[in-house]
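Before any comments, here is the structure.
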Amino acid sequence: MAAQRGPARRGWLRCPQPAALAAAAAVAVCAFYYLGGGGETFSSATRRLRATPAAPARAGARGLHLLLMFTKAERSPALRDKAQAALRSLLRHGRLGTADTLHLHLVTEGASRDIGLGLLRDLLRGAAFRHQVTVHDVNELTEKLFPIVEAMQKHFSAGSGTYYSDSIFFLSVAMHRIMPKEITQIIQVDLDLKYKTNIRDLFDEFDNFPEGAVIGIAREMQPVYRHTFWQYRRENPQTKVGEPPPDGLPGFNSGVLLLNLEAMRQSKLYNQLLEPTMVQKLTEKYHFKGHLGDQDFFTMVGMEHPELFHVLDCTWNRQLCTWWRDHGYSDVFDQYFQCKGEVKIYHGNCNTPIPED
């Protein structure tokens, strides 16, 4: 049995949502930093962020760093619409403390950069909380990432020259080695999301990380990895690998990622797992060949070292795609897809429509 591929996840990318924020414009502070070419790095970006006047530190205040990938937008009106919708919903529900600042990191390039900045300028006008925007050039980041993630691309990419094979889609895996040490936590999100709650509540999830955990991530809600691990499962019939929750290990979905950068830097185990020899060892053990980038890496590592992950409740990444229901897994699909509780973030993956308000 040859493992088949599901729909290419990056094709249905990451998205933000609709609405306006009520509040006094006088309190809103908006600083845009264009850090495209010219050899700018995350470090120089951070220096510029820090140069912006900030409110005095108060108890409970935090810098909330949120990263979005916005590439090839000039070719995709649908992607622009998703991004606009997602960001609108994020801003509509956003309630930050008076000393908090939302730092939006936009990873983009060329024409997409101008589109993204124009979108953010329009949406952030009159926002009810402090915010700053930093733009990072995708080509510069790819250059930094490639030496770190090259070995894993052949295991977790769709193939040479494809969208998924780009190193940038492994950014979350090695962000702790690229971000300056002043940034200790960051959340990376897809654009095909719709926020139904305050984004600050998601940042509070960092406080729930158990000792040793470095990444917060929700489970995959389709039998994707039941399929991908078919050979390992056949050889190990009692395994929990690929089995549905609550007792199984269904794998992860990287649409919403909480990255504790400081913990990632300090974790000897996590950094060992990035080494080519370790990647090779695990892919051979699990007979793993995927095409979903960082999500595949985190899923495989999670099978071996679940202690590295804080599992987010499904309501923080309520995936809506049902592709696998119609492709051989209708008998078990609902065991993966069910999610109880009030949804906080909808994820319209594989271009699935998100419920209207």
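Just the heavy atoms: all of them, side chains too, but no hydrogens, waters or symmetry mates, feed the values below. The residues of the chain are indexed from 1 along the displayed sequence.
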Are Gln153 and Ser167 linked by a side-chain donor-acceptor pair shorter than 3.5 Å?
yes
I'd like to know whether Ile168 forms a side-chain contact (heavy atoms from CB on, under 4.5 Å) with Thr71, so could you lay out the CA-CA distance, the side-chain angles of the two residues, the decisive distance to 0.1 Å, and finally the verdict.
CA-CA 10 Å; Ile168 195 63; Thr71 60; 5.9 Å; no
Start with the C-alpha distance between Arg80 and Leu119, add both sets of side-chain angles, then the distance that settles side-chain contact (heavy atoms from CB on, under 4.5 Å), and finish with yes or no.
CA-CA 9 Å; Arg80 299 197 294 270; Leu119 186 68; 6.0 Å; no
Begin with the C-alpha distance, continue with both residues' side-chain angles, and end with the deciding distance and a verdict on side-chain contact (heavy atoms from CB on, under 4.5 Å) for Asp326 and Phe333.
CA-CA 9 Å; Asp326 304 320; Phe333 183 85; over 6 Å; no
With rounding to the nearest 0.5 Å, note down the distance linking CD1 in Ile186 to CG in Leu64.
11.0 Å
Using a 4.5 Å cut-off on heavy atoms from C-beta on, say whether the side chain of Ser157 contacts that of Phe169.
no
Please check if the side chain of Asn260 supplies one atom and the backbone of Val214 the other of a donor-acceptor pair under 3.5 Å.
no
CD (Gln185) and CG (Leu261) are apart, to the nearest 0.5 Å, by 8.0 Å
What residues, two or more places apart in sequence or in another chain, satisfy side-chain contact (heavy atoms from CB on, under 4.5 Å) together with Glu307?
Leu269, His305
Closest contact, heavy atoms only, Asn253 versus Glu220
ND2-OE1, 3.1 Å
Any donor-acceptor N/O pair, Gln231 side chain to His287 backbone, under 3.5 Å
no
Measure the shortest side-chain to side-chain distance between Thr299 and Thr228 over non-hydrogen atoms and say whether it is less than 4.5 angstrom.
no
Listed partners of Pro355 passing side-chain contact (heavy atoms from CB on, under 4.5 Å), at least two apart
Leu320, Tyr346
Please examine the side chains of Ile215 and Leu259, heavy atoms only from C-beta on, and report whether any two atoms are closer than 4.5 Å.
yes
Taking Thr352 for the side chain and Asn349 for the main chain, is one N or O donor matched with an acceptor at less than 3.5 Å?
yes
In the structure I gave you, are the side-chain heavy atoms of Phe156 and Val149 within less than 4.5 Å of one another anywhere?
no
When every non-hydrogen atom of Lys144 is compared with those of Ile178, the smallest separation belongs to CB-CD1, 4.2 Å
Test log, rule side-chain contact (heavy atoms from CB on, under 4.5 Å), inputs Thr239 and Phe229
CA-CA 11 Å; Thr239 187; Phe229 286 101; over 6 Å; no
Main-chain N/O of Ser254 paired with Gln295 side-chain donor or acceptor, under 3.5 Å:
yes
Relative to the ring of Phe129, is the ring of His131 parallel (under 30°), tilted (30 to 60°) or perpendicular (over 60°)?
perpendicular
What's the spacing between Arg113 CZ and His136 NE2 if we round to 0.5 Å?
13.0 Å
Does a sphere of radius 6.0 Å around CD in Glu342 hold more than 12 heavy atoms from other residues, nucleotides or ligands, not counting ones at 6.0 Å or beyond?
no
Side-chain (Ser267) to main-chain (Ala263) donor-acceptor, under 3.5 angstrom:
no
Without hydrogens or angle criteria, can the side chains of Gln280 and Thr277 be said to hold a donor-acceptor pair below 3.5 Å?
no
Which distance, rounded to the nearest 0.5 Å, do you find between the CG of Leu68 and the CG of Leu193?
8.5 Å
Any side-chain heavy-atom pair of Phe170 and Leu145 under 4.5 Å:
no
To the nearest 0.5 Å, what is the distance between NZ on Lys281 and CG on Leu273?
10.0 Å
Of the non-hydrogen atoms in Ala151 and His155, which two are nearest, and what is the gap between them?
O-CD2, 3.3 Å
Are Leu102 and Leu90 side-chain neighbours, meaning at least one heavy-atom pair lies under 4.5 Å?
yes
For Tyr225 and Phe288, take the angle between the two ring planes, folded into 0 to 90°, and tell me which bin it lands in: parallel under 30, tilted 30 to 60, perpendicular over 60.
parallel
Note: Gly242 and Arg233 closest approach over all heavy atoms is C-NH1, 3.7 Å
How about Val311 and Arg219: do any of their side-chain heavy atoms sit closer than 4.5 Å?
yes
What one should report as the nearest heavy-atom pair of Glu74 and Ser112 is OE1-OG, 2.7 Å
Go through the steps to decide whether Asp201 and Lys344 satisfy the test salt bridge (Lys or Arg N to Asp or Glu O under 4.0 Å), and finish with yes or no.
CA-CA 10 Å; Asp201 294 342; Lys344 302 178 181 73; over 6 Å; no
Only one of His227, Arg226, Gln335, Gln222 passes side chain to side chain donor-acceptor pair (under 3.5 Å) with Tyr329, and that residue is His227
Nearest 0.5 angstrom please: Leu141 CG to Glu109 CD, how far?
11.0 Å
Asp294 versus Leu171: any side-chain heavy-atom pair under 4.5 Å?
no
Could you pull out the closest heavy-atom pair between Leu292 and Val224, with the gap in Å?
CD1-CG1, 4.2 Å
Can a donor-acceptor pair be found, under 3.5 Å and without considering hydrogens, that links the side chain of Arg200 to the backbone of Arg95?
no
